[in-house]
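A short write-up of the structure that comes next.
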There are 2 protein chains.
Amino acid sequence: MSITREKILELGENLIRTKGYNAFSYQDISTEMGIKNAAVHYYFPTKANLGTSIVKTNIQRFEEMVENMHSLGFDEWKQLEAFIKIYVKSRRENKKCLVGSLGPAYNTLDGATQTELKKMIDIIMKWLTQILESGKAKNIFAFKEDTQSKALAIFSGLVASLQIHGIVEKVDYKTYSQSILDNLRP
Amino acid sequence: MSITREKILELGENLIRTKGYNAFSYQDISTEMGIKNAAVHYYFPTKANLGTSIVKTNIQRFEEMVENMHSLGFDEWKQLEAFIKIYVKSRRENKKCLVGSLGPAYNTLDGATQTELKKMIDIIMKWLTQILESGKAKNIFAFKEDTQSKALAIFSGLVASLQIHGIVEKVDYKTYSQSILDNLRP
DNA sequence: GCAAATATACTTACTAATAAGTAAAATTCA
DNA sequence: TGAATTTTACTTATTAGTAAGTATATTTGC
């Protein structure tokens, strides 16, 4: 795959995660890369196309991580820990996550982008629910709510706390993210 | 206060909460109201001005609600329940909350709007922390995490679950929001 | 091996639409 | 009347998107 294409995807993702989908333009990308905006259109004919590709790339990245964790024999605790680490890293880099960035703009997104975002959330939620379920069975996790609600609470908590932390620094993010795990301890 | 001004504020807030700050225009408001875009500029010279006013209105609304709950003698449980109800209502109306809508666009907002949004989050977080703290002391609530983290978890959970629920309907929102309270039961 | 054809990776130079914002005139209302 | 409100008629800037052209590789046919 082309290096230019890859760089556009990377820059586009960063722009979405720092300014939001409707606040970034092809000019932002082209200027940063020292190319013309038509060159960006060469790789991604429309902005919707670029947006969809960015979400697709993220789904792939997540699925590769899960596969990787399985092949490394990670247990449920270690898997959840690794997932939380993605958010700790995002916080450190002052970036929101893709779901939190695109979520509020959902109604303005192209149909294809909406479908991919929906798919992404679905994949993450399914994985998280399954991890919590089997972790509970093995007595690695303990919680009283139903698994779906617990999964949504954890995921939502990570997504929005990233946004809130980007605005007010109330609690240390590391402390907060650690409390998620502590709270699941049997 | 002018009825036109009030209607602009209301419409603006709805637009932010359904499309996001950077996706709505003065045209959206003026067309909907059957006036010209210059008339909107008469009340709110700039978009930043309108955005700031919308956040300020929301702060006021929240503070009035808290005052009202105090004068009605609501205990900590009832207060938290009332706060959660705001989110259940938003979900029913298919709207995100202001914090969740403006959060991802924070870096693109005007300085004054940023300040107000920061203030709003601060007020909500302080109130929530205090409710949890005194509720715990009275044995109305029980939780093991530190109060700040718990407050952030609850607030973040409400904010982002609204966004996620607007995209995928995994869990019934009522069930989810109920689990927040159930989880705090001693 | 080499010329012709074609694909790749762009640039130049636009267009059409929409954005925020403004100055001045017209209207409404008290 | 005079102040508040709203329209008319703009400007300026930016946006996504496109048509046409170019240099450089790469492939294909002979």
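Values in this document were obtained by computation on a predicted structure and should not be read as measured data. Throughout, protein chains are lettered first and strands after them, A, B, ... in sequence-line order, and every chain is numbered starting at 1.
- In this structure A:Lys47 satisfies the side-chain contact (heavy atoms from CB on, under 4.5 Å) test together with A:Tyr21, A:Phe24, A:Tyr26, sequence neighbours excluded.
- A salt bridge does not link A:Asp146 with A:Lys150: every distance from a Lys NZ or Arg NE/NH1/NH2 to an Asp or Glu carboxylate oxygen is 4.0 Å or more.
- In this structure, A:Ala23 and A:Ala38 both approach DNA chain D, and ranking their closest nucleotides by distance from the 5' end singles out A:Ala23.
- Put simply, CG on A:Asp28 and CD on A:Glu32 are 9.0 Å apart, with the number rounded to the nearest 0.5 Å.
- Taken residue by residue, residues 4-11 of chain A places heavy atoms nearer than 4.0 Å to DNA chain C at A:Thr4.
- Nucleic acid contact for A:Phe44: none, since no nucleic acid atom lies under 4.0 Å from a heavy atom of the residue.
- Phosphate contact (OP1/OP2 of D:dA16, side-chain N/O of A:Thr46, threshold under 4.0 Å): absent.
- The shortest distance between side-chain heavy atoms of A:Ser134 and A:Gln130 falls below 4.5 Å.
- A straight line from CG of A:Asp110 to P of D:dA16 spans 14 Å, rounded to a whole angstrom.
- Distance A:Asp28 CG to D:dA16 C1': 13 Å, rounded to the nearest Å.
- Ring geometry for A:Trp127 versus A:Phe62: interplanar angle over 60°, hence perpendicular rather than tilted (30 to 60°).
- Checked against B:Asp122 for a salt bridge (Lys or Arg N to Asp or Glu O under 4.0 Å), the options B:Lys126, B:Lys118, B:Lys119 give a single hit: B:Lys126.
- Checked against D:dA16, C:dT11, C:dA20, the side chain of A:Lys47 finds its nearest nucleotide in D:dA16.
- Residue B:Asn37 contributes atom CG, which lies 10 Å from atom C1' of D:dT7 at whole-angstrom precision.
- Comparing atom distances between the A:His41 side chain and each of D:dT7, D:dT18, C:dA9 picks out D:dT18 as nearest.
- Residue A:Ser25 has a polar side-chain atom (N or O) positioned under 4.0 Å from OP1 or OP2 of D:dT15.
- One can place CD1 of B:Ile3 at 16 Å from C1' of C:dC29, the figure rounded to the nearest angstrom.
- Contact annotation for A:Tyr26: backbone-only contact, meaning every heavy-atom pair under 4.0 Å involves sugar-phosphate atoms and none involves a base.
- Distances shown here put a side-chain N or O of A:Tyr43 below 4.0 Å from the OP1 or OP2 atom of C:dC10.
- Between the CD1 atom of A:Ile29 and the C1' atom of D:dT15 there is a distance of 13 Å, rounded to whole Å.
- Under the 4.5 Å side-chain criterion, counting only non-hydrogen atoms from C-beta, B:Leu50 is not in contact with B:Thr46.
- Nearest to the side-chain atoms of A:Tyr42 among the listed nucleotides D:dT18, C:dA9, D:dT5 stands C:dA9.
- Looking at heavy-atom distances under 4.0 Å, B:Lys36 makes contact with a base.
- Put simply, CG on B:Leu50 is 10 Å from P on C:dG21, counting in whole angstrom units.
- Separating the CD atom of B:Gln27 from the C1' atom of C:dG21 is a distance of 11 Å, rounded to the nearest angstrom.
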